[in-house]
Amino acid sequence: MTPEPEPITASPSFSNLAFVEKLYFDYLQDPESVDPTWRAYFRELPAPAGRAAPASFPRPANGAARAPSGAALAAAEDPGRARGEAFQFKVDRLVQAYREHGHLHARLDPLGLERRGTEAAIGLATFGLSEADLDLPVADVGRSAGARTLRELVARLQETYCRTLGVELAHLHDMDLRSWLEERMERTRNHITLTPDVERFMLRKLTEAELFEQFLGTRFLGAKRFSLEGGEGLVPMLELVIDRAVGHGVKDIAIGMAHRGRLNVLANVVGKPVRQIFAEFRDRAIISAGGGDVKYHLGYQGEHATPEGAPVTLSLAFNPSHLEWIDTVVQGKVRARQDRYRDLARSGVLPIVIHGDAAFAGQGIVAESLNMSLLDGYTVGGTIHIVVNNQVGFTTSPRDGRSTFYATDVARMLQIPVFHVNGEDLEAVAQAVLLAVDFRQRFRSDAVIDFWCYRKYGHNEGDEPAFTQPVMYQAIQRKPSLRQAYAAQLVEKKVVSPEDVDALSAEARRKLDEAYQASSAIAVSPGPPVMEGVRARYRGGPIAGTSARIATAVAPDVLSAVGRGLTSTPQGFHVHPKVAKLLEARAEMVDGRRPVDWGMGEALAYGTLAWEGARVRLSGQDVRRGTFSHRHAVLFDQQTGRPYAPLSNLREGQGVVELRDSPLSEAGVLGFEYGYSLEMPDGLTIWEAQFGDFVNAAQVIIDQFLSSSEAKWNRLSGLVLLLPHGMEGQGPEHSSARLERFLELSVDDNWQVMNLTTPAQIFHALRRQVLADWRKPLVVMSPKSLLRHPEAVSSLADFTQGGLRYFIADELGDPSEVTRVVLCSGKIAYELRAARAAAEARQVAIVRLEQLYPLNTSDLLAQLGRYGGLREVVWVQEEPRNMGAWEFVNLHLSPLLRGAAELSCLSRPPSASPAAGSATRHKLEQAALVQQAVGAPVEPVAAQASR
Ligand SMILES: Cc1ncc(C[n+]2csc(CCOP(=O)(O)OP(=O)(O)O)c2C)c(N)n1
Ligand SMILES: [Mg+2]
């Protein structure tokens, strides 16, 4: 196994320039709250003029909820005091209203077109107050330090909650969370003052962002780039997020994002060489193993330094066009990195996911991702979400694109704040970043920044936005760029001179020119296939015919040691009686007194891999017990409910085994496990569907990632999909994992598709996933009835010798008697064997394909060659003709058999639905099928059914 890198320990030192001033403010409030080095430094500074000693305000009662107290009773006897109490009560309610509804009044839209708040939410009159009360004294009103009158208080609340940063926290039930936020915001009036150094840095990043787009726009006229213009603030904002995160000890940041501004982020944040991006625009001779991808879907990983030089690994995930489907993929990647670094606090690796406003509101996978965020099996310690809210999606306006008030409202399902910020106020942006990152690090949960901006051009550069948003685009045309506005602001503040502004632009342009010159000589490739030090050991490319070279059998002593571990429980553990029986039976299997069944074969695969040090992760709905109760990988003490996983207790130093019952999601969870598998290539990562049919709820992950990520991006995954498949009379659903769809996508050894029929086969297939030197996804049509079929068993020798078999052939008698080969796959093989035995059909050989893709045709033809009298090869499948493997088998075998034997198909007739609704009908159809296959007389189904 690869040596694990050093664990990350969070460093408490805040490296960043950006927040020195904030630190100073903290120091003034409470000198003990800052690091001793900083304290010593600040002590030397002259005391700020007019700054009073740090005031400490008691937490106010929570608005109207303030309880009647002894004081209230006393007040009843003193009318003057009672009036004061009543007044204060109204004031408290007003304060609370600002906290909860102030965001409605914040100026968030840089275009100034958006109208949201109603005066009523925070108007004085709502609380029985009036202008006349404004100069009355207020007391004990929370953290708005120093407000002596209602007028001053309102001014402070306005400043805190209604400027260009609006914060939603009314949905938080947890008062600690709320207090933490309110405290942070009210203490600072939700302001941060950036130091001149930071301001100059921000201007530089804005300049780079703007000029990058302009350069692309002129050099590659009309080429799609999904310009960030109108939202260039994203670039300095990301720098602030990174800087703040690094200050918290984050060492590794994984970003996921869609098209908008992606090239800009790659170039100006992640550090992809601009010459390489330009070379992709030149689009000369793309050199890559597969088809490659368009430039605005490519990813990158680089080393980055904060302005102070602190190192951090940054990556931007490759992603498909399908918006939001990258979300859980990134989270899975991050989780794997955290596991790899043994960052159990999940504080050293941070995911940032950047969304579009229309996509965030519209795509359901967002909700799946949010729902997974706090679950033990899937948490990454919080994701920073940034919604690049340009207030339009392609041509669709928010009023047609969502029913929610804000684009981010789905996030309010979590107990997390949502920061709405005007993307043209970089100070407010910095404050939002500060709050969001600190919140994530402190509470280990997601935080959302709704970054309001606009889209300068149409959806892409060839698009005319005024067709559909004429008024908006009139406003946009009048606007100077953020760089221009910010530069003017800094010139006025004398932070920079006009010459500095010009110099920054000239420098940025010079670098772009240089990169452009250099780009002509660069060949384009999607980059190395694998992660530093780990992935480099694995390869993609062709794998057909390599099975024999991969030794997956285990030594008998290892098998029995693992077997003993799998069947033991701790002293005093109360096992459910039925499970106890299962463990006894498994113990007999290990001793060779009973053949090994599927559940044990599978457990032995996990157990032996973990024994050898590999990490095993199995996730999916109800996987710990197993949908069909065959697994029982986690046992529960019947008196205490305490769980016990034998797989995790095999021996000291074994690999970690993670067994996770997933939330009821396919797309989100499969995306997560795919991401996990990319970053944990030396482990075994498995997703199991409850029934194979449900994989269709995750089809985007199959098409856009699993089947094609090697071809598009050179990204290798060894993810295993266990998809229970087979017709067992359960109706149209619960029957088919849609084998045909996987086979249709099979090409260029992009993955493996199997339909396995013995315990030893699943054992070897799973072990091969880890022991091979290549990484390919493995799709297994896994069994249901075979889990308990008396013939679907293996001997111990099948585990200690041999390996995965591509197909399994058997005959009743001498091969020379065989005239018909019944070719099939999956559990129907057992039904065919029974029918053949009943009919004593010695002329029929049954050959079941275990690995359908890549199809080992040479060995298969050699097998057929053993049947000297062969006349016909009949493909038999229980699926309707338009489903199952027939089309695939026909395509690949017919040309090879030509002349030697005739290939035909026996199946149910074509059908729109995978299986009949009636169990009786299923049985009749199935019986007819297998009888016909072995040449026995068959009665028409209709005749039987009518009896
Ligand atoms: C799942 C999915 N459906 C549709 C599209 C087509 N599409 C590409 S961008 C876009 C609009 C996206 O709007 P928004 O999320 O606000 O991002 P913006 O382009 O405004 O930054 C659409 C509909 C897609 N890429 N993915
Ligand atoms: Mg948008």
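Counting starts at 1 for both ligands and their atoms, following the listed order.
For N696, the CG atom counts as densely surrounded, since its 6.0 Å shell holds more than 12 non-hydrogen atoms of other residues, nucleotides or ligands. No more than 12 heavy atoms of other residues, nucleotides or ligands shown are found within 6.0 angstrom of CD on E744. The neighbour count for R275 CZ, taken as heavy atoms of other residues, nucleotides or ligands under 6.0 Å away, does not exceed 12.
Between Y161 and H103, the ring centre distance reaches or exceeds 6.0 Å. Between F226 and H459, the gap from one ring centroid to the other is short of 6.0 Å.
Because the distance cut-off is set at 2.8 Å, V392 qualifies as a neighbour of the Mg ion (ligand 2) through one of its N, O or S atoms.
In this structure, R282 is positioned above the aromatic face of Y516, its NZ or CZ under 6.0 Å from the six-membered ring centre and within 45° of the axis.
Here's the thing with H322: none of its N/O atoms is less than 3.5 angstrom from an N/O atom of ligand 1. The N/O atoms of H259, backbone and side chain alike, include one that comes under 3.5 Å of an N/O atom in ligand 1. An N or O contact shorter than 3.5 Å links L323 to ligand 1 by distance. For the pair A359 and ligand 1, the shortest N or O to N or O distance falls below 3.5 Å.
Distance from atom 23 (C) of ligand 1 to its nearest protein heavy atom, with residue and atom name: F394 CD1, 4.1 Å. Remark: minimum distance from atom 17 (O) of ligand 1 to any protein heavy atom is reached at G356 CA, 3.7 Å. D357 OD1, 2.6 Å is the protein heavy atom nearest to atom 16 (O) of ligand 1. Nearest protein heavy-atom neighbour of atom 25 (N) of ligand 1: S321 O, 3.0 Å. In terms of protein heavy atoms, atom 21 (O) of ligand 1 is closest to R260 NE, 3.0 Å. Nearest non-hydrogen protein atom to atom 13 (O) of ligand 1 is G393 CA, 3.2 Å. If you check which protein heavy atom lies closest to atom 9 (S) of ligand 1, you get H459 CE1, 3.0 Å.
Ionic pairing of R244 and D438 is present here: one or more N-O contacts between side-chain nitrogen and carboxylate oxygen are shorter than 4.0 angstrom. In summary, R412 and E168 engage in a salt bridge, as defined by a charged side-chain N under 4.0 Å from a carboxylate O.
Numbered from 1 in the order shown, with element, the atoms of ligand 1 that lie under 4.0 Å from a heavy atom of Q363 read 1 (C). Within ligand 1, the atoms closer than 4.0 Å to a non-hydrogen atom of A358 are 13 (O), 14 (P), 15 (O), 16 (O), numbered from 1 in the order shown.
Proximity of atom 6 (C) of ligand 1 to the protein is not indicated, since no non-hydrogen protein atom lies closer than 4.0 angstrom.
Between the OD1 atom of N390 and the OD1 atom of D357, the angle centred on the Mg ion (ligand 2) amounts to 100° when rounded to 10°.
With a 4.0 Å heavy-atom cut-off, ligand 1 is reached by the backbone of V392 but not by any atom from C-beta on.
Applying the ring pair (Phe, Tyr, Trp, His ring centres under 6.0 Å) test between F705 and each of F672, F318, W713 identifies W713 as the sole match.
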Checking E666 against Q621 for the side-chain contact (heavy atoms from CB on, under 4.5 Å) test, could you report, in this order, the C-alpha distance in whole Å, the side-chain angles of both residues, the deciding distance, and whether it holds? CA-CA 9 Å; E666 286 77 27; Q621 288 151 26; 2.8 Å; yes
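Of all heavy-atom pairs between L512 and L211, the closest is CD1-O, 3.6 Å.
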